[in-house]
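Beneath this line is the structure, given in structure tokens, with notes to follow.
These figures come from a predicted structure and were not determined experimentally. Every chain is numbered from 1 and lettered A, B, ... according to where its sequence line falls, protein lines coming before strand lines.
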Protein chains: 2
Amino acid sequence: MSDGYFPPGAERLGVSVDVVIFSLREADLKVLLIRRAAPPFKGKWAIPGGFVHPPESLDDAALRELGEETGLRDVYLEQLYTFGAPKRDPRGRVITVAYFALVSDDAPARAGDDAAEAAWCSVSALPELAFDHAEILNYALRRLRYKLEYTSVGFDLLPNEFTLTELQTAYEIVLGEKLDKRNFRRRILDAGVLAETSRQREGEGQGRPARLYRYKKNAVTEIKARRLFP
Amino acid sequence: MSDGYFPPGAERLGVSVDVVIFSLREADLKVLLIRRAAPPFKGKWAIPGGFVHPPESLDDAALRELGEETGLRDVYLEQLYTFGAPKRDPRGRVITVAYFALVSDDAPARAGDDAAEAAWCSVSALPELAFDHAEILNYALRRLRYKLEYTSVGFDLLPNEFTLTELQTAYEIVLGEKLDKRNFRRRILDAGVLAETSRQREGEGQGRPARLYRYKKNAVTEIKARRLFP
DNA sequence: CCAAAAGTGTTGGTTTTACACCCATGG
DNA sequence: CCATGGGTGTAAAACCAACACTTTTGG
């Protein structure tokens, strides 16, 4: 650190990133939690996270944490909010920059260094959490639901190719309400963000096979934000 | 700091807050800038901000900075985003939590400690800025415009009592487009967030005097976010 | 041929936009 | 009495919500 001018009164603080990782599994919205292997809050469940290393950006730190817990890199990741109450960490002054990530259900969960255990927990049955992580998680959930209505972030919860019914189910799980099939399809198709493939979902039990779609990345997402699912 | 467990690898970083303070003045959207009195970027214009003191929360630090520059406390203040590129501050590793504030045009601007000068600058004619402050300001402006369309944040740019034309003009300045008078009035009145006072704007030159309104604070702002001004 | 899931249009109600004239006051 | 800004309604278009049957496949 080249801090020739660093003001003497400017104390440095601990800075961590915490990543709320959402995924749809077993027809439920789940979040990846770890059981803390070290104090403070040893044995308690927590959102995965860790301290920012000096040479890396905040986004890089979040990506690193995400990689350590899931092995994934190419997922939706967005900065959420920075939490900085003075007593939020009993070790001293630590602020945390919270992120949220969306991964599809083929992502594994592996325990990182300071975790004894990692598990996907349903957001509707969360254990007691360390630090202010309950607040962070709540905030992330609100933001996810909000974004789902206005943007096309929903695709990031699904694998590359998916059927319209799978997409609708994803929306229904996250929003916690049933949607009308015909209106849903009209809307999503009219929005022009899906490309239809020539392939179909095969070998999925009974019924007529469904066409597979892909999300068009190029789709302009920031036109003049119109609500996608009112 | 009671850091019995503080991990040795966890280096601490400089943490600052920067507050983008918007105000409507001279029929233009302005932002409060200070001219830096000390290195780095001495003599360059910058967004007001400073280091977070260990015992204060981030919000408190932002309020403190706001108070130092404007003497105000009771204004709209919202956390924006945290910027943390490794080289954003030449002194070393400093991340900054950016806030944005809205003040009405009776707010003064006074130079704080580390400012040689403070001035309200039109967002359409900004000088070159220190650090990554141009990026921060851009981000704040996008967020302000966005919020104005969806929420009732616009009232915070006006004094306590205002006429509908003043409110409409505020929206037009920030959004940078003309709005239809009848549709504007219908929308804002139907939204039920205004209380009409029995008073009128007096002594304002010519024409019929306009009724004064107040913003109803209690108004539920988070119903099911419907766009206020499409 | 039966069960299961995919796929597909229409209508009525609501919301949004575009648009032009009369009113109250001060000089 | 005129100039200035305040205040008001309506009609056409776009959008949204509700709703049920036919198609394709596997067993």
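In this entry the distance linking NZ of B:K178 with P of C:dA18 reads 15 Å, nearest Å. Atom CZ of A:R211 and atom P of D:dT24 are 13 Å apart (whole Å). A straight line from CG of B:L164 to P of D:dG7 spans 6 Å, rounded to a whole angstrom. Between A:I188 atom CD1 and C:dG7 atom C1' the separation is 16 Å, expressed in whole Å. Atom pair A:F184:CZ and D:dA17:C1' shows a separation of 16 Å (rounding to whole Å applied). Between the CD atom of B:E177 and the P atom of C:dT17 there is a distance of 11 Å, rounded to whole Å. Straight-line distance from the OH atom of B:Y213 to the P atom of D:dG7: 6 Å, rounded to whole Å. One interatomic measurement links the two molecules: CG of A:L179 to C1' of D:dA18, which rounds to 14 Å at whole-angstrom precision.
Both B:K181 and A:Q200 sit near DNA chain D, but only B:K181 has its closest nucleotide nearer the 5' end. Positionally, the nearest nucleotide of DNA chain D for B:E166 lies more toward the 5' end than for the other of A:P209 and B:E166.
Aromatic pair B:F131/B:F41: centroids less than 6.0 angstrom apart. The aromatic ring centres of A:F155 and A:Y213 sit 6.0 Å or more apart.
Contact check on B:R64 versus B:E68 returns a salt bridge, with a Lys/Arg side-chain nitrogen under 4.0 Å from an Asp/Glu carboxylate oxygen. Ion pairing between a basic and an acidic side chain is recognised when a charged N comes within 4.0 Å of a carboxylate O; B:E196 and B:R214 show no such pairing.
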Would you sort out whether A:S104 and A:R25 count as a side-chain hydrogen bond (donor to acceptor under 3.5 Å, both in side chains), showing the intermediate values? CA-CA 9 Å; A:S104 78; A:R25 290 161 187 257; over 6 Å; no
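Scanning atom types as modelled, one donor and one acceptor separated by under 3.5 angstrom connect the side chain of A:R182 and the base of D:dA20.
When the side-chain nitrogen and oxygen atoms of A:T165 are compared with OP1 and OP2 of C:dA6, one or more of them lie within a distance under 4.0 Å. Neither OP1 nor OP2 of C:dA6 sits under 4.0 Å from any side-chain N or O of A:R185.
Taking A:R201 as the reference, A:T163, A:E166, A:E204, A:L212 meet the side chain to side chain contact (heavy atoms under 4.5 Å, CB included) condition, with sequence neighbours excluded. The side chain to side chain donor-acceptor pair (under 3.5 Å) test applied to B:R88 returns B:D132, not counting sequence neighbours.
Contact annotation for A:R186: base contact, defined as any heavy-atom pair under 4.0 Å involving a base atom.
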Taking N or O atoms only and anything under 3.5 Å, show me the protein contacts with nucleotides 2-4 of chain D, one pair per line.
residue : atom : partner : partner atom : Å
D:dT4   : O2   : B:G207  : N            : 3.2

